[in-house]
Asks: 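Before we start, here is the structure in question, set down as structure tokens.
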Amino acid sequence: MQKINLVIPDNMDYRTSEAYRTLRTNVLFCGEEINAIAVTSCTPGEGKSEVSFRLAESLAETDRKILYIDADLRRSVFSKRYQVTQEVKGLSHYLSGQEELGAVVCATNISNLHVILPGPVPPNPSELLGNEHFRQLMEKTHALYDYIIIDTPPLGSVIDAAVIAKECDGAMLVIENDAISYKMAQKVERQLERSGCRILGAVLNKVDVRAKGYYGKYYYSKYYGGDYSSVYYQKPEEIK
Ligand SMILES: Nc1ncnc2c1ncn2[C@@H]1O[C@H](COP(=O)(O)OP(=O)(O)O)[C@@H](O)[C@H]1O
Ligand SMILES: [Mg+2]
């Protein structure tokens, strides 16, 4: 098996790590049939990659076997963010039939956490994700891991996340506080529902914990019937 070393930034404050633990608990209580979770959002930059990876890391701490798949085939930030320097075989190799599952999975320096990186950008990401290989990948990995967390591109721009969510047991929507309209969130929710995927909840991200009112929090928790978690985020300039 390939092996990569991840350098995880140690910049999480107490409230944020507490929010991730709550999110993890919510996932654990979703039920036994929920193992593969697609994480998506309306627009880029809302925190899908950050939240999905931290969730995977947090689940791995519970001694369950976790697979994290970076399925943002177009604009992955993973290798740069976690300082992965070696070239490894990834998802696009598997989906195009060039490699077997065992050849694209990477063990990491985090115990219980395996990762599949996206691989080289293919010319036809949506098509690749929609093919039989992806379905088989989900079938095989279901048997091997307790949780499979999949990072996806934003649903507002490409269809990939819906294609991925279709093969998952549930989807999680990351919503950036004060950035997304109710209408936009609803549109993305409908798109996910049409793919036949269950929406597990929404994560309200980048909440400024010092702001008064929590307007956004109330707004979305109302919409999702309280089935959500907040990951608090302080803007760096406010911490200084
Ligand atoms: N909860 C958070 N705490 C701190 N930084 C965050 C948080 N969520 C996102 N970010 C930052 O916001 C930027 C966009 O996040 P990213 O996960 O790449 O978004 P997406 O995958 O939705 O495009 C990154 O610089 C990331 O480090
Ligand atoms: Mg991303």
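What you are looking at is a predicted structure, and each value in this text was computed from that prediction instead of being measured. Note that ligands are numbered from 1 as they come in the structure, with each ligand's atoms numbered from 1 the same way.
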Asks: Any heavy atom of Arg81 closer to ligand 1 than 4.0 angstrom?
Replies: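 Yes, Arg81 has a heavy atom closer than 4.0 Å to ligand 1.
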Asks: What protein N/O/S atoms sit under 2.8 Å from the Mg ion (ligand 2), by chain and number?
Replies: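 The answer is Ser49 OG.
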Asks: Return the set of residues passing ring-ring contact (aromatic ring centres under 6.0 Å, His included) with Phe134 (not counting sequence neighbours), or none when no residue passes.
Replies: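 Applying ring-ring contact (aromatic ring centres under 6.0 Å, His included) to Phe134 gives none.
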Asks: Do other residues, nucleotides or ligands put more than 12 heavy atoms under 6.0 Å from Arg21 CZ?
Replies: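 Yes - once you tally the heavy atoms of other residues, nucleotides and ligands closer than 6.0 Å, there are more than 12.
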Asks: Would you please say whether a donor-acceptor pair under 3.5 Å links the side chains of Asn112 and Asp63?
Replies: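 There is such a pair (donor and acceptor under 3.5 Å, judged by atom type) between the side chains of Asn112 and Asp63.
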Asks: Assess, by modelled atom type and distance only, whether the side chains of His114 and Tyr145 contain a donor and an acceptor separated by less than 3.5 Å.
Replies: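 There is such a pair (donor and acceptor under 3.5 Å, judged by atom type) between the side chains of His114 and Tyr145.
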Asks: Got His142 and Asp169 here, is their nearest side-chain heavy-atom distance under 4.5 Å?
Replies: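 A side-chain contact exists here, since the closest heavy-atom pair is under 4.5 Å.
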Asks: Taking atom types as modelled, find out whether Asp160 and Thr152 have a side-chain donor-acceptor pair closer than 3.5 angstrom.
Replies: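 Judged by distance alone, the side chains do not pair up.
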Asks: Using distance alone, determine whether Ser41 and ligand 1 share an N or O pair under 3.5 Å.
Replies: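 Checking ligand 1 against Ser41, no N or O pair falls under 3.5 Å apart.
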Asks: Specify side chain, backbone, both or neither for Asp72, according to which of its non-hydrogen atoms lie closer than 4.0 Å to ligand 1.
Replies: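 For Asp72, no heavy atom sits under 4.0 Å from ligand 1.
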Asks: Taking atom CD of Glu100 as the centre, report whether more than 12 heavy atoms of other residues, nucleotides or ligands fall under 6.0 Å from it.
Replies: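 No, because the 6.0 Å sphere around CD of Glu100 holds 12 heavy atoms or fewer from other groups.
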Asks: Looking at ligand 1, does any of its N/O atoms fall within less than 3.5 Å of an N/O of Val77?
Replies: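 There is no such contact.
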Asks: Hey, are the side chains of Ile175 and Leu173 touching, using non-hydrogen atoms and a 4.5 Å cut-off?
Replies: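 Of all side-chain heavy-atom pairs linking Leu173 with Ile175, at least one is under 4.5 Å.
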Asks: Considering both backbone and side-chain atoms of Ser49, is one of its nitrogen or oxygen atoms within less than 3.5 Å of a nitrogen or oxygen in ligand 1?
Replies: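 Among all N and O atoms of Ser49, at least one is under 3.5 Å from an N or O of ligand 1.
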Asks: Report yes if some N/O of Val51 lies less than 3.5 Å from some N/O of ligand 1; otherwise report no.
Replies: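 No, there is no polar N/O contact under 3.5 Å.
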Asks: Give a yes-or-no answer on whether the side chains of Arg74 and Ser126 include a donor-acceptor pair shorter than 3.5 Å.
Replies: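 Note: Arg74 and Ser126 side chains meet the donor-acceptor criterion.
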